[in-house]
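Here the structure is laid out as structure tokens; the discussion comes afterwards.
Count residues from 1 along the sequence. Here the structure is a predicted model, which is why all the values come from computation and not from measurement.
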Amino acid sequence: MFPTQIHTTAVYIYIQSQILDDLGSICRNFQIALVEDGNISISPLKGGLINDTYQVNVNASSYVLQRVNTSVFRHYDKLMQNISKVLNHIQVKTRGTVSYMLELIPTLCGEFYWSRKSNNDSVEVWRMYNYIPNSVTYPVAATNSILYEAGRAYGQFQYAVHDIPPCSLYETIPDFHNTPKRLEAFRKAVSEDACHRVEDLREEIDFIESHSWLSYSIVSLLEDGTLPKRIVHNDTKLENVLFDQHSNRAICVIDYDTVMPNGSMLYDFGDAIRSMASSSSEDEPDLAKVWFDLTRFKCFSEGFLREVISIIAKKEITMLSMGAIVITFEQAIRFLTDYLMGDVYFKVTFSKHNLVRAKNQLKLVKEMLEKKDSMEEIVSNCCQSFENLAACFENIKASEL
Ligand code: GN1
Ligand code: MG
């Protein structure tokens, strides 16, 4: 036992330091002040199921280095163009009103990303952002005010991007939130049953099939123009908001990988509710600890609606709660599909991780369906009070003229 242990540890350290050396040399391709070799320290940042993320400290400055997963983000060049356009747009619009904003650090040649051929001949894509000082992310909100702040951050994002011409952005992953297509992929995975897992999943599969009608409720309305098509973030989980670690005020939204045109505000609201109105994180295996919390729902909704009240359409207001149910249902389908296919998409840390996540999301769907009327009432009351407030301001302005 003993010699093997030493050997294993030695190999581990060797690989680690090799990776660190490599990461250090990758950093040298970006426009950051690297004075001496000894001044750089790099550590992995947790969070995210797709990319690899590191914090880089150089003297007094910090950066975020990310390796983009090119098997998920195949159109990485277009994706980086999207990110750059959206960040520039937000920066111009919010200049002077925000203390920190995410920025891409250009490469030495002035590009948005740096790439190289990896050993297996695929392309490695790396990019760098500024690191926002004193910022934290949360897997689950500990207070209502964090939820309200997150709502405001995503509402501000929606407002900031609503006037970007949709044709100036690429749809880098077409049909990303096309729930019927996600359902199709799920059915294919069930029929192929590549890992012989279907047998144990009867209950989950039956639930999904008996609720398949949920899948069609957004896309059909987007297609026939009943719901407006918008530029949306598409990954609005709590961990994609940076908070000031002292005040817990939201600083900004991060992770612009899936920002795309032709989406729906329901996707962003829905995905945020999926992530934030739950009592636990999506990784919680004990379903007794997972429930849908109307107070959390209300706090997020208040922050979000406050920021989008001037642009949100009536039909969107009436469908926001449905959006939350559909996107949670879709996420359950995605996790279960990946489990059936042998965990090829989302990062997992144990063998049934994707199954745990799928069951967790299905529990939320069941609860949301039961509480749908209350959710709709909260949204409607909230909009009413903001509309009244807006009308009040209009009256005051008019009387001052
Ligand atoms: C993935 O990698 P991350 O955590 O930013 C996924 C989202 C899921 C999320 C679930 C491109 O996002 O759609 O909602 O995991 N991103 C992609 O945690 O598929
Ligand atoms: Mg993401």
Side-chain angles (χ1 to χ4, degrees), residues 15-92 94-95 98-137 157 169-170 172 233 235 239-242 251-259 347:
I15 292 170
Q16 282 291 317
S17 71
Q18 236 192 1
I19 290 174
L20 280 179
D21 283 351
D22 190 31
L23 290 172
S25 69
I26 291 166
C27 290
R28 284 170 202 289
N29 295 289
F30 291 88
Q31 293 185 24
I32 57 176
L34 281 171
V35 192
E36 286 168 35
D37 279 5
N39 289 332
I40 182 164
S41 76
I42 302 175
S43 50
L45 279 174
K46 272 197 257 156
L49 306 191
I50 309 286
N51 296 324
D52 299 324
T53 311
Y54 304 88
Q55 180 174 342
V56 178
N57 300 317
V58 187
N59 298 324
S61 307
S62 297
Y63 305 91
V64 173
L65 177 70
Q66 247 180 348
R67 180 179 172 175
V68 179
N69 182 329
T70 49
S71 38
V72 170
F73 301 114
R74 295 204 182 119
H75 306 293
Y76 51 84
D77 187 74
K78 290 180 172 161
L79 175 147
M80 292 307 294
Q81 289 183 47
N82 277 359
I83 295 181
S84 160
K85 274 190 197 137
V86 169
L87 288 181
N88 283 342
H89 184 88
I90 299 179
Q91 207 160 40
V92 169
T94 56
R95 189 164 286 152
V98 294
S99 40
Y100 290 105
M101 181 57 214
L102 210 58
E103 281 168 31
L104 280 168
I105 309 286
T107 65
L108 296 180
C109 307
E111 311 283 348
F112 305 132
Y113 64 90
W114 179 81
S115 64
R116 69 177 175 191
K117 277 261 159 64
S118 69
N119 293 342
N120 61 5
D121 232 24
S122 59
V123 185
E124 271 183 31
V125 171
W126 294 85
R127 67 179 169 213
M128 194 177 262
Y129 289 106
N130 57 329
Y131 181 90
I132 304 214
N134 301 318
S135 61
V136 280
T137 57
F157 172 84
L169 297 181
Y170 298 103
T172 48
H233 184 282
D235 191 8
E239 278 169 301
N240 283 339
V241 179
L242 291 186
I251 305 173
C252 63
V253 163
I254 56 170
D255 187 358
Y256 293 78
D257 285 337
T258 43
V259 175
K347 285 182 189 169

Rounded to the nearest 0.5 Å, what's the gap from [atom1] on [X] to [atom2] on [Y]? Could you check?
X      : Y      : atom1 : atom2 : value
Leu169 : His89  : CG    : NE2   : 9.5 Å
Ile26  : Ser115 : CD1   : OG    : 11.0 Å
Gln66  : Tyr54  : CD    : OH    : 10.5 Å
Leu20  : Ser43  : CG    : OG    : 9.0 Å
Glu111 : Met80  : CD    : CE    : 10.5 Å
Ile32  : Ile40  : CD1   : CD1   : 5.5 Å

Within a strict 4.5 Å, meaning less than it, do heavy atoms of the [X] and [Y] side chains meet?
X      : Y      : result
Tyr100 : Leu242 : no
Asp77  : Tyr113 : yes
Phe112 : Ile83  : no
Ile132 : Cys252 : yes
Cys27  : Ile42  : yes

So, [X] side chain and [Y] main chain: donor-acceptor pair closer than 3.5 Å or not?
X      : Y      : result
Asn240 : Asp235 : yes
Lys347 : Asn51  : yes
Ser62  : Tyr131 : no

Considering non-hydrogen atoms only, spot the tightest contact between [X] and [Y] and give its length.
X      : Y      : value
His75  : Thr172 : CD2-O, 3.2 Å
Asn130 : Met101 : ND2-O, 2.9 Å
His233 : Ile254 : NE2-O, 2.9 Å
Val259 : Asn82  : O-ND2, 3.4 Å
Tyr129 : Leu102 : CD2-CG, 3.7 Å
Leu65  : Met128 : CD1-CE, 4.1 Å

Which residues pass the side chain to side chain donor-acceptor pair (under 3.5 Å) test with [X], not counting sequence neighbours?
X      : answer
Arg116 : Asp22, Glu124
Ser71  : Asn69
Ser118 : Asn120, Ser122

*Member of Leu23, Asn29, Val68 meeting the side chain to side chain contact (heavy atoms under 4.5 Å, CB included) criterion with Trp126*: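 Among Leu23, Asn29, Val68, the one that satisfies the side chain to side chain contact (heavy atoms under 4.5 Å, CB included) with Trp126 is Leu23.
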*Classify the ring geometry between Phe157 and Tyr256 as parallel (under 30°), tilted (30 to 60°) or perpendicular (over 60°).*
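The arrangement is tilted - the two ring planes meet at 30° to 60°.
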*Given side-chain contact (heavy atoms from CB on, under 4.5 Å), test Phe73 with Val125 step by step and report yes or no.*
CA-CA 10 Å; Phe73 301 114; Val125 171; over 6 Å; no
